[in-house]
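Report on one structure; see the data block that follows.
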Amino acid sequence: MSDTSDRIREYLRESADRKLEIGRLTVSRLAIFGFAAGIVAVAALALFILVFGKHDTGLNFERADVINGYEYRMKDDRITYQTADRLYTYDCARDVSTYYALGNIAGYDTSSTMTIVYAGSQFKIQGMDEPKALTAGTILDVRAGRDYAALLFRNPGEDRDDRFILIIDREAHSVNQISFKDSEIVAFDFMTSGTDEYLWVSTMDVGQFTEESIVRIYHCNRQGAMVHYTSPFYNQSVYQVYLSDRCLFLIGTHSIMRYDREEDGGFSAERDRVRVYGSTIVDFYAGAETAYFIALPVAADGEENSLVRLITISETDDLWSNVMQKYMPSPVVGAFLYNGSICVFTKQNFLQYSFAGKTMNDLEPQAAPIAAYRYGEDGFFVVTEQACYRVTIE
């Protein structure tokens, strides 16, 4: 009987030990399963964020005090736009918006120091009590510089309308009046270097067989004296001019032409020419010995562009140039040179590349851009369907 009792107790003890071992194994398996399930859940969440989340952690969007839905101009880090009765100017760097009450005007231009409006033969620089009028002629366009302004006007003649450009100072005093009787004016604007301010004028003459484009440069601080006159460019026009510490670059519809700066304030004969046919130059940066240009292909009406070109041109006696191309994942709305890199806003992305073409950033903005501009050294002004923003890279 005692043996039987001992066997029963031994069986019960072994049974309890087996149940305890099974329980321990079950708890261990459950723990492993729970840990694995946690890893899967975290991975799934990360994948969800990667696929559906916004990748704008590298961009800082700050709402700008700008009314949405107008046509904007960027010049000298200022956005300007016209409503029915006001001309607004937004200083991107200082986040300050001002306005100028308007009457019936035909056009305007603005810079960091001056706003000028015109209608008919009358013009007015912001701050004047009353508008001023030309002695004769109708104003066609104006440009505002730092200390000077330029008025393009037409004076009807017997054979054809004579074109003139009047250079004035900030008090509207005449500095020089230049005749362009035998030429069509394609573009004109101001450029500065230290205390010097220049007016450049691009003209086009249509001959019997060819079109000839000429650029003239006037030194405003020297009573508007002409300091440079280029040889004709055939079958292309110049639409932009850039000035660095070393060189002058004329941007034509077919080529970029380089000139060296002279000690007397003038410029050399043409030193180099780089072909850019089919592209429009949209940004410029001058390094110590190298100039960089962003070029976008000229798109037909209704077409969108996804290609960005970086054109590099030497500013030294060792003449050389290079072109690099980058294709974007969606249509480009703005491309810029920023802090030694290329920055591109597309309709879906913000991309940043080194000058060697290496990807530095590929981000998704918090709002889809429809237009973008660069201001200062590190800022962007971005327009969306809903609002306007100042954007910086974090």
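Numbers for residues simply follow the sequence, beginning at 1.
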Criterion side chain to side chain donor-acceptor pair (under 3.5 Å) against Y90, the qualifying member of D65, D95, T80, T98 | D95
Given side chain to side chain contact (heavy atoms under 4.5 Å, CB included), test I168 with V175 step by step and report yes or no.
-> CA-CA 5 Å; I168 59 175; V175 175; 5.6 Å; no
Side chain to side chain contact (heavy atoms under 4.5 Å, CB included) evaluation trace for Y259 with C247 | CA-CA 6 Å; Y259 300 77; C247 299; over 6 Å; no
Please determine, by modelled atom types, if S244 and E315 share a side-chain donor-acceptor pair under 3.5 angstrom.
-> yes
Side-chain H-bond candidate by donor/acceptor type, Y277 with R275, under 3.5 Å | no
Does any non-hydrogen side-chain atom of I167 lie less than 4.5 Å from one of I178?
-> yes
Check: Y389 ring centroid to F381 ring centroid under 6.0 Å = no
Under a 4.5 Å side-chain heavy-atom rule over Ile, Leu, Val, Met, Phe, Trp and Tyr, are M328 and M324 clustered together?
-> yes
Nearest heavy atoms of I217 and W200, plus distance in Å | CG1-CB, 4.1 Å
Is the shortest heavy-atom distance from the side chain of I311 to the side chain of V276 under 4.5 Å?
-> yes
Flag the pair H228 / Y218 as yes when their ring centroid distance falls below 6.0 Å, and as no otherwise.
-> no
Please tell me if the side chains of V332 and F345 come closer than 4.5 Å, counting only heavy atoms from C-beta onward.
-> no
Just checking, any donor-acceptor pair under 3.5 angstrom between side chains of E289 and T316?
-> no
Verify the distance criterion only: is there a donor paired with an acceptor across the side chains of S183 and D205 at less than 3.5 Å?
-> yes
Can R146 and S112 be counted as having a side-chain donor-acceptor contact under 3.5 angstrom?
-> no
Flag the pair F249 / F293 as yes when their ring centroid distance falls below 6.0 Å, and as no otherwise.
-> yes
Side-chain heavy-atom pair Y99, T89 within 4.5 angstrom cut-off = no
Would you call W320 and T290 a side-chain contact if the rule is heavy atoms closer than 4.5 Å?
-> yes
Establish, yes or no, whether a centroid distance under 6.0 Å links the rings of F336 and F380.
-> yes
Does the gap between the ring centers of F123 and Y118 come in under 6.0 Å?
-> no
Compute whether any side-chain donor of one residue and acceptor of the other, for R163 and S179, lie under 3.5 angstrom apart.
-> no
